[in-house]
Amino acid sequence: MLDIQIIRENPQMINEAANNKKNPIDIDSIINLDNEKRDIIREVEKLKNQRNVSSQKIAVLKKQKQDASKLIEEMKSVSDTIKNMDLQLAQKEQQIHEHLIRIPNIPHKSVPHGESEKDNAVVYEWGDAREFSFEPKDHLEIGTALGIIDFPRGAKITGAGFPVYKGAGALLERALINFMLDTHSGNGYTEIFPPFLVNRASLFGTGQLPKSEDQMYYINEDDLFCIPTAEVPVTNLMREEMIDFVDLPLKFCAYSACFRREAGSYGKDTKGFLRVHQFNKVELVKIVLPEESYEELELLRKDAESILKLLGLKYRVLMLCDADLSFAAAKCYDLEAWAPAEQKYLEVSSCSNFEDFQARRMNIRFRPQGKEKPRFVHTLNGSGLATARILAALLENYQTEQGTVLIPEVLQPYMHGIKEIGPR
RNA sequence: GGAGGGGUGGCCGAGUUGGCUUAAGGCACAGGUUUGCUAAACCUGCGUAGGGGCAACCUUACCGGAGGUUCGAAUCCUCUCCCCUCCGCCA
């Protein structure tokens, strides 16, 4: 959510930014409603002042045992008028709110302008593509042959896009999660194990609601949603709180299962792990001082990248152009791991700075040093990383001609020393 | 699921016969006095969010949330959310 005052002062700039983000808004309605609202405020406040003054007079009269009935009569009609105007005011405010919550965050100045994801800029590349002396198989084929992933049975017990991990596959998944959590918590991130169901207020806070309600699994009876990412519960840890500036930055890492309906994306990336309804992810969340958020974004990106480097996976980093930025983000880097059989990069992480967009929605503030007023914090998050696509990249990159899969050294301690996954 | 208790400003904590409480007091914080330095003591200031004003400042709202009664509500009424204790059920 943006500050209405900024919108009031820069309507053209906001309108253009929203258009660039492919998220058009009705700026004129907002400005008009805002003006109407302020007109009402000015009038009703005069009446309320009159009411307060008269109530005091009535109190004094009554104390002196004098008659106050005339004044009380007068105030009855004033009170009615106030009640009416308050109603109008609430309506205006509700209408403004409905607009405000649908205005996307403004892209940072460093974000390139573009028309689509094709205009995202490659800002960094690491690692060499592995040379194969044989025709590499895709991860689905490898995993199925080794009996470590089972999509058909997942489909049987739940539905398409709910993979089952078996044996060494289950162990590898757990190893990845533990490895990532250990790495990040050793790096100053406090580990959180969050609830996987959240309420509406939390999803509104991080910006998934109201825009993306149809993308989430919903439990009607309790009005709760399955989390699409640990970002939601972890960032909302600090919702409605005032943080002392000496405690900033806050750094959290959290494992969670992630649930996504992926409505409207059928037919895209359907193979294997490329797009599933439930996957595992370790998420990084930072709550920081506004002045430091862009520096912290670079550090966050570096921390996420370190996992790919330790796993020895070739990857690249994209800076998203404005047209591809998500609703709440001001700037975002995508990390993409190379999958040799797919012959394409798989998005395994998104590292975003939301500036105060989420903080305003969640009312997370900090009290600066001295006599300064409380201000909104900046929030950031990034996957560190999503295991489903990492698993795909691992299987494809570390496959052997015999159909086995080598385990990267850093994961071996997490896999009882297993160096290679072979046939059962 | 049943019974009881409670939600007040950054924190702690008064305030339930409605009206000099548009929230006492304390802590923390900021400035100052005293002091060789630190500490302590003392003095002063200090809630949040709107609206108006160049500014000093004026004004409105806010005591978990939403309604209601009233000239006037932290205080009375209704609904609702959350927390705590005990009982029941259960991994």
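Just so it is clear, the values below take in all heavy atoms, side chains as well, and ignore hydrogens, waters and symmetry mates. Below, chain A is the first sequence line, B the second, and so on; all start at residue 1.
Aromatic pair A:Y218/A:F225: centroids less than 6.0 angstrom apart. Ring centroids of A:Y165 and A:F273 are separated by less than 6.0 Å, placing the two rings close together.
Using a 4.0 Å heavy-atom criterion, one finds that A:N52 contacts the sugar-phosphate atoms exclusively. The residue A:I58 sits close to a base: some heavy atom pair falls under 4.0 Å. If you check every strand for non-hydrogen atoms under 4.0 Å, A:R360 touches nothing. Among the atoms of the strands shown, base atoms are found under 4.0 Å from some heavy atom of A:K62.
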Let me check I have this right: for RNA chain B, each base becomes ., (, ), [, ] or |, based on Watson-Crick or G-U pairs with both distances under 3.5 Å. What is the full string? ((((((((.[[[..)...(.....]]].(((((.......))))).((((((....)))))).[[[[[..)....]]]]])))))))....
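Within residues 87-95 of chain A, no residue approaches RNA chain B, by heavy-atom distance under 4.0 Å. Proximity of residues 361-369 of chain A to RNA chain B (heavy atom under 4.0 angstrom from any strand atom) is restricted to A:R365, A:R367. Of the residues in residues 76-85 of chain A, A:K76, A:S79, A:K83 come within less than 4.0 Å of RNA chain B through at least one heavy atom, sorted by number.
Between A:H277 and A:F162, the ring planes lie tilted relative to each other; the angle falls in the 30° to 60° range. Note: A:Y124 and A:Y315 have tilted aromatic rings, judged against thresholds of 30 and 60 degrees for the angle between ring planes.
Residues that satisfy the side-chain hydrogen bond (donor to acceptor under 3.5 Å, both in side chains) test with A:N10, not counting sequence neighbours, are absent from this structure. Take A:E298 and apply the salt bridge (charged side-chain N to carboxylate O under 4.0 Å, His left out) test, not counting sequence neighbours, and it matches A:R301.
A 4.5 Å side-chain heavy-atom check between A:Y255 and A:K281 finds every atom pair outside the cut-off.
Look at CD1 on A:I40: it is 16 Å from C1' on B:A61, rounded to the nearest Å. Regarding A:D86, its CG atom lies at a distance of 15 Å from the C1' atom of B:A66, rounded to whole Å. One can place CD1 of A:I41 at 11 Å from C1' of B:A49, the figure rounded to the nearest angstrom.
When the P atom is used for both B:G31 and B:U85, the distance is 42 Å, rounded to whole Å. The P atoms of B:G7 and B:U75 are separated by 12 Å, rounded to the nearest whole Å. Rounded to whole Å, the separation between the C1' atoms of B:C46 and B:A23 comes to 15 Å.
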